[in-house]
Number of protein chains: 2
Amino acid sequence: MNSLEEVLDFVNNGHKYYLPHMSIDSVIFGYHNQQLKILLLKWKGYNEWGLPGGFIKRREPLSKAAHRILEERTSLSNLFLQQFHMFGDSPYRVKERIPQVFREKFGLEVEEDNWLFERTLSIGYFALVDYSKVSVTLDFFTDDYQWWDVDDIPELLFDQKEVVEKALLTLRLQIYHQPIGYNLLPQKFTLPEIHSLYETILGKELDQRNFSKKLLTLGLIKKLDERRNIGPHRAPYLYQFEKENYEEALKEGIVHTY
Amino acid sequence: MNSLEEVLDFVNNGHKYYLPHMSIDSVIFGYHNQQLKILLLKWKGYNEWGLPGGFIKRREPLSKAAHRILEERTSLSNLFLQQFHMFGDSPYRVKERIPQVFREKFGLEVEEDNWLFERTLSIGYFALVDYSKVSVTLDFFTDDYQWWDVDDIPELLFDQKEVVEKALLTLRLQIYHQPIGYNLLPQKFTLPEIHSLYETILGKELDQRNFSKKLLTLGLIKKLDERRNIGPHRAPYLYQFEKENYEEALKEGIVHTY
DNA sequence: TATTATATAGTAATATTTACGGAATAAAGG
DNA sequence: CCTTTATTCCGTAAATATTACTATATAATA
C-alpha cells in the first residue's frame, strides 16, 4: 500500500474488502544481542509507536490473514505465529482514530463515519523470528521502525501496552510446555546463546550446566563438530535443534522446568 | 428473547445493536456423577445440538458480553469464565444459516442479505460451573437442552466440534498451572469427589493418596470436622478449599504434576 | 454381629531438580 | 612465547519431588 491511489481506496472502500470492527495486532519477538526485542512501527506524524497490524479480508481465513500481515511487513513466511488473545474491553472508540488526526498527521480528508473510526476489537498474535532475517516494509501510515527491548517499550498507541504484556506472559508460560528457539536463533547456535535466550525470555537466571543437560537429555538439541571462531576467547561448539524431537515436543508438549 | 416481537426485532435489527461478523460461543463445563459434562442446546426444528452463544453489543466490553450471555442462559453470575481462542478459519458462510432454514425451522421470513447470514468469527469462552446450580433458560431458537458427557458429544452445528475440543485441551493444560474445582464442586466436598473430578478432567487415573497429599501440601484444601452421611459405607470427611491459597495459586500459577 | 463397600493413612524406591568449582582453551598484549 | 583474561565446558552429590504400593478403620445394611 504505497501509492496515494491505493491508500485512498483502502480508506474509502476498505470496509468492502475487510471485515469491520476487527483487526489483527502482531507482537513480533526477535532476539539479538542477549536481548529479547519486539518490532514496533512509528506512525507518520506521531511520536508514538504501535504494533504492526492489519485487517482480515472478507473471505480470508483468520490464520491466513495473520500470516499475510506478518509476511507483508517482514517478508518472512511460514513462521511460528500464534494467536494468544482477543482484546475487546477497551473503550468503544479511541482518541487516536478521528478525522482531525487523519487530516493533520496523514493529510487525508476522512468523514466522521468512516469504517476506520468504528469500534475495533483486536486479535493478538505473536511471532518468533530470527531478528537478522527480517526486512521491514514501511507504508503510507508509518515512517520508521525499530526493535525495542521488551523491558524498555515506549508509550504505545491505543491499548497496545496490554497486548504486549499479555504476549510476553503467554510466551513465558508456554516455554514450560513447548520448546522455543527454532525461530529465534540461527540454524547453528552455541550453548551460551540458547542459554541466554531462555534466561532472557524467562527473565531469570538458569544454571548453565543444568540447562544444557536438560536440553540434551530431552533430545532437543545436538552437538556438532564445528566451533564458532569469533571473539578473543575459547571457541564454543555449535549446536543444532533435533528437528524430529523438537516437532514432537511442540505437538505433544513437555512437562518440566528448566 | 421470547415474544415474537422481540425475535423479529433481533432478526431484522440485530445488526444495529450488535457487532456484526462476531459471536461468542460458550463451552459450559459442569461436573456430575463422576462425569465432566457440557451444556448443549437443541435448536428448534433441528435434530442437532449447538453451543450456547450470543452476540456482543456495539458498546459492550467483550468480557461483559461473555458474562451476560452466560448469565442469561444459566442464571449464574460471577463465574470462572475464560476466553480460550478465536475461531475464524471455517468457511466464510455456513450451510445452516440460509433463508430456507429460517423459514422451515423457525417459521421466519428472512432476506438473503440478513446480518445473521454473514460470515461470523466466533470467540470461544469456557466456564466451569456447579452443575446443580444451573437453571437453563431456553428461547425462541432452542427447544431443549441437555448436559452431555465430554466423551460422548453428539454432532454439533457449524464447526463447534473444534470449539469443544479446543476448550477441553485448554482446560487440561491449564489444570497443571491453576487449581480447578472451586466452581465445579459444592462448597464442601469429599476427597473421592475432588479426586474423581481431576481424573475425569485429565482423562487418566491419579493415585488417590498422592493426589490428596499434593493438594494438602500445596495448602489448597483443608479437612473439616464434618462428614457426609450418605451411602451404606464409611462416611467420608468433608473438605473445603483454602480460599486465600487457592486465589494465589490462580494468580501466580503452580508448577507441578498431579 | 457379620458382611460389604468404601475411606483413609505412611513409607520406601525412583526420578528429577538443584547446587556447586575447576580445568581447558582461544586470542591478545607484553 | 609466555602470561593474562574471558569464556566454555564438564560431573557429581545433596535435596526435593514423584511414584508405587496395601492394610486397617468404619458406616450402614442384612
Side-chain angles (χ1 to χ4, degrees), chain A residues 33-34 175-177 179 181 185-186 188-200 202-240 245 249 252-258, chain B residues 33-34 175-177 179 181 185-186 188-200 202-240 245 249 252-258:
Chain A
N33 221 358
Q34 322 258 94
I175 207 172
Y176 287 112
H177 289 288
L185 293 171
K188 297 172 180 180
F189 51 86
T190 66
L191 278 187
E193 279 170 345
I194 191 171
H195 174 232
S196 145
L197 167 66
Y198 272 72
E199 283 193 335
T200 307
L202 289 172
K204 67 180 183 193
E205 291 194 357
L206 301 172
D207 183 279
Q208 135 228 160
R209 277 161 300 183
N210 297 333
F211 174 76
S212 49
K213 228 183 304 169
K214 187 92 197 190
L215 289 187
L216 287 165
T217 304
L218 289 171
L220 292 177
I221 61 173
K222 70 160 179 263
K223 189 175 182 173
L224 302 175
D225 262 347
E226 311 166 58
R227 293 162 168 236
R228 167 164 300 158
N229 278 323
I230 36 167
H233 311 300
R234 178 174 178 179
Y237 281 96
L238 289 170
Y239 288 74
Q240 211 172 40
N245 292 338
E252 302 298 323
I254 30 183
V255 177
H256 66 101
T257 60
Y258 281 104
Chain B
N33 219 359
Q34 321 260 94
I175 207 172
Y176 287 111
H177 289 288
L185 293 171
K188 296 173 181 178
F189 50 85
T190 67
L191 279 188
E193 280 171 344
I194 192 172
H195 174 233
S196 145
L197 168 66
Y198 273 72
E199 284 193 334
T200 307
L202 290 172
K204 67 180 183 193
E205 291 193 358
L206 301 171
D207 183 279
Q208 133 227 163
R209 274 161 302 184
N210 296 334
F211 174 76
S212 51
K213 230 183 302 168
K214 188 91 197 194
L215 288 187
L216 287 164
T217 304
L218 289 170
L220 293 177
I221 60 174
K222 71 159 177 264
K223 190 174 180 173
L224 302 176
D225 262 346
E226 310 166 60
R227 293 161 169 235
R228 168 164 299 158
N229 277 322
I230 34 165
H233 313 299
R234 178 174 178 179
Y237 281 96
L238 288 170
Y239 287 74
Q240 210 171 40
N245 292 339
E252 302 298 324
I254 31 182
V255 178
H256 65 101
T257 61
Y258 281 105

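Letters go in sequence order (proteins before strands), and every chain restarts at 1.
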*Nearest-Å distance for atom pair CG/P, residues L206(B) and dC21(D)*: 15 Å

*asked:* Output the rounded distance in Å from CZ (F211(B)) to P (dA17(D)).
replied: 18 Å

*asked:* In this structure, how many angstroms lie between the C1' atom of dT19(D) and the NZ atom of K214(B), rounded?
replied: 11 Å

*Mind checking the CZ-CD1 spacing from F211(A) to I194(A)? Nearest 0.5 Å is all I need.*
5.0 Å

*What is the distance from CG of L215(B) to P of dA9(C), rounded to the nearest Å?*
14 Å

_Straight-line distance of H195(B) NE2 to R209(B) CZ, nearest 0.5 Å_ = 10.5 Å

Anything under 3.5 Å between a protein N or O and an N or O of nucleotides 8-12 of chain D, put it in a table, one pair a line.
unit_1	atom_1	unit_2	atom_2	d
dT8(D)	O2	R234(A)	NH1	2.3
dC9(D)	OP1	Y237(A)	N	2.6
dC9(D)	N4	Q208(A)	OE1	3.1
dC10(D)	OP1	K223(A)	NZ	2.8
dC10(D)	N4	Q208(A)	OE1	3.4
dC10(D)	N4	R209(A)	NE	3.4
dT12(D)	O4	K213(A)	NZ	2.8

*asked:* Just verifying a value: how many Å separate T190(B) OG1 and L238(B) CG, rounded to the nearest 0.5 Å?
replied: 7.0 Å

_Contacts of K223(B) that satisfy side chain to side chain donor-acceptor pair (under 3.5 Å) - sequence neighbours left out_ = none

_With rounding to the nearest 0.5 angstrom, report the CG to CG distance, N210(A) to L215(A)._
11.5 Å

*Rounded to the nearest 0.5 Å, how far does CG of L191(B) lie from OG of S196(B)?*
12.0 Å

